[in-house]
Amino acid sequence: MASTTQFLISLPPKPPYLLSYSSPSKPRSINITCCLSIQQARNDQTTSSGSNALNSLRVAFAAGGTGGHIYPAVAIADELKLVNPTSEILFLGRPNSMESTAIPSAHFEFKSIPAVKLVRPFFSLRNLLLPYFLIKSITKCFTLLSKFEPHLVVGTGGYVSFPVCLAALLKGIKVVIQEQNSVPGIANRFLSLFADLVFVAFNSTVQSFPRKEKCVVCGNPVRLSLKNSVSKAVSRLHFFPWLEKMEGSSEEIKVILVLGGSLGANAVNIALLNVYSQLLLEHENWFIIWQTGVESFNEMESLVRSHPRLLLAPL
């Protein structure tokens with residue numbers, strides 16, 4: 001018999017957040033209302049509550065390259081485990097990469113696949129072997145997906161999502177895309193042509209996809225670890241412990257957080273490098289937390305003068 005497995009993908013419950021999505025003309029086993037519905041064949045007896053179907057839910061994630069692709073996938077996986085703790089989650093990514101350390105740290109299973117990266121400009125000699133590496137990676141993904149047998153593959157962008165999602169499509173597995181940025185990258189833009197749904201963060205992003213009827217505007221997922229409410233005073237003491245001994249009202253203190261992405265943004269780093277000293281000199285109640293990115297941390301640390309109201313961090 002066939003039963004239905006349902007799971008939440010962080011969609012807001014109110015209709016205004018559902019943008020430009022209509023049911024395709026051809027019947028599909030996956031539909032969108034406020035959750036995804038996957039038809040799953042079962043040999044054992046079907047229960048009226050469908051709890052047994054939930055227990056066998058398996059989802060594979062293709063996420064890698066930067067934190068912007070990795071952590072939204074982790075947030076979605078967190079929600080799936082929260083809704084149904086027995087769900088099985090598998091992440092696929094590159095070896096010796098950010099995802100290879102971040103995913104196990106989040107307590108999810110991780111399997112590595114051969115790296116495939118498109119070099120720009122496209123007509124570069126370094127891309128001559130791209131078809132070979134792509135086929136090699138798709139073959140590995142196909143094998144891993146065959147063993148895991150997921151009901152759904154979620155791609156959050158980056159080069160690593162390309163071979164994983166292509167392998168899933170070849171196997172006939174449902175694929176959905178989650179795009180965090182206002183403008184999608186090459187991988188998500190191409191995969192959106194074949195994906196069942198595309199979840200986007202901004203209304204304007206819909207215009208970047210060729211098949212707009214597949215898009216659902218739902219914002220960006222947030223990890224459970226970031227949802228815990230912490231007061232400003234406690235947060236300030238975490239980064240600047242010596243503030244506890246400081247006299248005067250802590251309400252006058254302003255903390256400025258500068259973010260340039262997990263790999264850092266050179267333009268942001270250079271701009272702040274030119275003005276941070278003057279800012280701290282002119283505003284005695286200002287504190288700066290400067291996230292340089294992992295690739296720029298050592299360079300910025302060597303150029304920035306130590307200051308008690310300035311904190312540099314790679315991530």
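A quick note: this is a predicted structure, and the numbers were derived from the prediction, not measured. Residue numbers start at 1 and run along the sequence shown.
- A donor atom on one side chain and an acceptor atom on the other are found under 3.5 Å apart for Asn220 and Gln178.
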task: Decide yes or no on side-chain contact (heavy atoms from CB on, under 4.5 Å) for Ile256 and Ile289, but give the supporting numbers first.
output: CA-CA 6 Å; Ile256 301 172; Ile289 300 175; over 6 Å; no
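- No more than 12 heavy atoms of other residues, nucleotides or ligands shown are found within 6.0 angstrom of NZ on Lys136.
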message: Checking Val258 against Gln291 for the side-chain contact (heavy atoms from CB on, under 4.5 Å) test, could you report, in this order, the C-alpha distance in whole Å, the side-chain angles of both residues, the deciding distance, and whether it holds?
response: CA-CA 6 Å; Val258 181; Gln291 187 254 354; over 6 Å; no
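- For the residue pair Ser192/Arg211, the side-chain donor-acceptor check at 3.5 Å is not satisfied.
- Proximity of a side-chain donor or acceptor of Tyr71 to a complementary backbone N or O of Ala102 within less than 3.5 Å is not detected.
- Residues satisfying the ring pair (Phe, Tyr, Trp, His ring centres under 6.0 Å) test with Phe108, not counting sequence neighbours, are Phe91.
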- prompt: Stepwise, does the side-chain contact (heavy atoms from CB on, under 4.5 Å) test hold for Val59 with Phe148?
  reply: CA-CA 9 Å; Val59 181; Phe148 185 62; 5.9 Å; no
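- Other residues, nucleotides and ligands contribute over 12 non-hydrogen atoms within 6.0 Å of the CG atom of Asn274.
- Formation of a donor-acceptor pair under 3.5 Å by the Thr205 side chain with backbone atoms of Ser182 is found in this model.
- The CD1 atom of Ile253 lies 4.5 Å from the CZ atom of Phe287; values are rounded to the nearest 0.5 Å.
- Cation-pi check for Lys214 over Phe209 is not met; the charged atom does not lie both under 6.0 angstrom from the ring centroid and within 45 degrees of its normal.
- For the salt bridge (charged side-chain N to carboxylate O under 4.0 Å, His left out) test, residues two or more places apart in sequence or in another chain that qualify with Arg94 are Glu99.
- Ring-plane geometry between Trp286 and His283 is classed as parallel, the angle between the planes falling under 30 degrees on a 0 to 90 degree scale with a further cut at 60.
- With hydrogens and angles disregarded, a donor-acceptor distance shorter than 3.5 Å links the side chain of Ser137 to the backbone of Pro114.
- Ionic pairing of Asp78 and Arg223 is not present here: no N-O contact between side-chain nitrogen and carboxylate oxygen is shorter than 4.0 angstrom.
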